[in-house]
Amino acid sequence: MTNFRTFRTGPSRRGFIAGSAAVGAGLLLPMGARAQSEPKKGGTLRVGFTQGSTSDNLDPATYNNDFMFASGYAVFNTLTEIAPDGTAKPDLAESYEASDDAAVWTFRLRDDADFSDGKTVTAQDVIDSVRHHMGDKSKSGIKPLLEQITDIRADGDKVVIFELAAGNADFPFIFNDYHLGIRQSTGDGIDPQSRIGTGGYVIEAFEPGVRIELLRRDDYWKKGHAHFDKVVILKVGDAAARMNALMTGEVDLIDRPDLKTIDLLGRNPNVKVHTQDGTLHYVMPMHTDTAPFDDVNVRMALKYGIDREQMIETVLRGYGTVGNDQPIARSMPYYNGNLEQIAYDPERAKFHLDKAGLSSLDVTLATADAAFNGAVDASVLYSESAKTANINITVDREPDDGYFSNVWLKKPFCCSYWGGRPTPDLMFSAAYAEGADWNETNWHNERFNDLLLQARAELDQPRRAEMYGEMQKIVKEDGGALIPAFGQYVSAMSTSIAMPEHISEMWDLDSQRFIERWWMA
């Protein structure tokens with residue numbers, strides 16, 4: 001057996017804008033400059049989240065927003081977690097190792113991990129939890145990534161062996177996914193609505209899309225984690241209401257403050273703004289199997305019709321960088337920095353319309369700020385810039401509540417966002433592979449899909465880099481994903497909230513594991 005080889009993401013930046021003077025001056029405190037407090041137990045953390053839907057439920061196969069991601073990580077552990085250095089660190093697993101061809105993976109479970117009812121975690125719990133997402137009727141977003149598994153078996157109570165159809169050097173990263181929190185085996189699968197988990201918190205109250213209340217387990221097996229006595233997550237969809245709740249002390253932490261008015265937070269010396277780079281990107285997906293988006297020239301015209309720089313300056317207020325219509329971030333392994341940047345070019349957009357046999361184009365773009373902070377403004381801005389290219393975009397503002405259930409994946413042209421994935425394989429497999437449930441553009445490219453399988457099993461790193469580079473080029477030039485920008489994660493919190501010096505930056509808020517990792521200063 002050989003040890004798994006980890007891949008590190010590139011250097012990242014993180015900073016705070018703290019207090020009124022700092023916000024007014026736009027000062028970013030360098031990493032390590034702020035005073036660090038030692039973790040301590042106690043306090044109630046109140047969180048105001050943008051997302052959350054009345055259709056939310058505890059079945060992990062249905063998770064599709066931050067409200068459920070964060071609470072899920074607090075109540076249910078995963079086999080692995082993404083560490084601050086970007087590696088897949090064992091969590092419920094004590095260790096893992098691979099065969100020489102990376103086609104057989106063996107996970108050894110921790111001996112001390114138990115559920116909140118005292119039951120020890122076993123291999124069968126892991127097997128049934130994973131299989132819950134693999135059935136023919138499963139609609140789980142993680143299902144496409146699990147189809148490579150040909151067999152799962154236990155070797156005693158503490159060892160789980162996965163056999164794959166082909167080698168996969170990134171396989172352990174899959175188990176960090178928020179869908180794969182481990183549940184108890186019932187002997188015939190799992191109870192997807194069960195509240196019994198292995199995490200540091202138990203559910204005291206749950207109102208879907210409204211609030212969830214969590215209480216800390218005093219007997220949590222994972223020492224040095226789960227510090228808050230209680231956590232209350234509230235759905236506060238309106239950005240102004242979220243920011244007001246923070247400034248008046250009704251909540252301690254919010255995500256996605258309104259970037260247009262973020263300087264207002266500087267009036268309160270007890271508030272700090274936290275920014276971090278990562279894999280966050282904003283998307284306007286087009287269904288490539290639906291007219292007029294089934295013509296690649298129409299897709300290219302729409303890509304050249306958006307002013308990306310203006311979006312960064314006007315909508316994101318500088319908290320981001322231009323996107324190039326492929327989802328691999330600069331910080332990720334195998335990023336292709338040699339691709340020509342798509343820029344706003346109305347004449348080139350008209351050229352592609354002409355190739356599609358069109359003198360003008362009329363389309364409707366469904367949008368809501370639930371898609372991403374500023375999505376409505378970005379859509380309106382896009383509509384204005386596209387007019388010069390003879391593209392008429394009708395902006396259709398949808399309700400925030402239920403947006404990802406009723407609009408995303410259903411409307412042929414809409415707004416969405418991706419927190420990204422730690423490796424190109426996971427990102428491409430989740431959102432671009434043929435047949436993936438979350439392939440939001442319904443895109444199929446035979447060359448891309450062939451390369452996806454080849455690169456996953458390729459252990460020669462230069463060759464692997466070449467493959468992923470070509471895949472990024474294919475997505476950019478043929479895909480239906482218009483990715484105008486990569487954004488910084490921006491959140492705001494009370495100065496009483498403390499966090500480790502180094503945090504995981506793949507997703508917002510310590511990769512949504514802040515409930516377990518942060519504390520009251």
Next item on the list: Would you please classify the geometry between the Phe107 ring and the Tyr96 ring as parallel, tilted or perpendicular, with 30° and 60° separating the classes?
Entry: tilted
Next item on the list: Please test Arg211 against Glu213 for salt bridge (charged side-chain N to carboxylate O under 4.0 Å, His left out), starting from the C-alpha separation and ending with a verdict.
Entry: CA-CA 7 Å; Arg211 68 189 290 126; Glu213 298 183 13; 2.7 Å; yes
Notebook entry, point to check: What about Phe293 and His287, are their ring centers closer than 6.0 Å?
Noted result: no
Notebook entry, point to check: Out of Lys473, Arg308, Arg299, which one pairs with Asp325 under the salt bridge (Lys or Arg N to Asp or Glu O under 4.0 Å) rule?
Noted result: Arg308
Check: Take atom CD in Glu446; do more than 12 heavy atoms of anything else shown fall under 6.0 Å from it?
Finding: no
Next item on the list: Verify the neighbour count for atom CG of Asp151: are there more than 12 heavy atoms of other residues, nucleotides or ligands below 6.0 Å?
Entry: yes
Note to self: Under a 4.0 Å threshold between the charged nitrogen and the carboxylate oxygen, would Lys158 count as salt-bridged to Glu94?
What the structure shows: no
Item checked: Lys/Arg cation over aromatic Tyr417: Arg256, 6.0 Å, 45° cone -> yes
Checklist line | Distance flag, aromatic centroids of Trp418 and Tyr282, threshold under 6.0 Å | finding: no
Check: Salt bridge or not for Glu81 and Lys222, using N-O below 4.0 Å?
Finding: yes
Next item on the list: Could you pull out the closest heavy-atom pair between Gly278 and Ser331, with the gap in Å?
Entry: O-OG, 4.2 Å
Checklist line | Short N-O contact, Glu207 and Lys235, less than 4.0 angstrom | finding: no
Notebook entry, point to check: ring pair (Phe, Tyr, Trp, His ring centres under 6.0 Å) with Trp438: which of Phe428, Tyr432, Phe404, Trp408?
Noted result: Trp408
Item checked: Thr198 and Asn77: CA distance, side-chain angles, deciding distance, side-chain hydrogen bond (donor to acceptor under 3.5 Å, both in side chains) verdict -> CA-CA 6 Å; Thr198 62; Asn77 293 93; 2.7 Å; yes
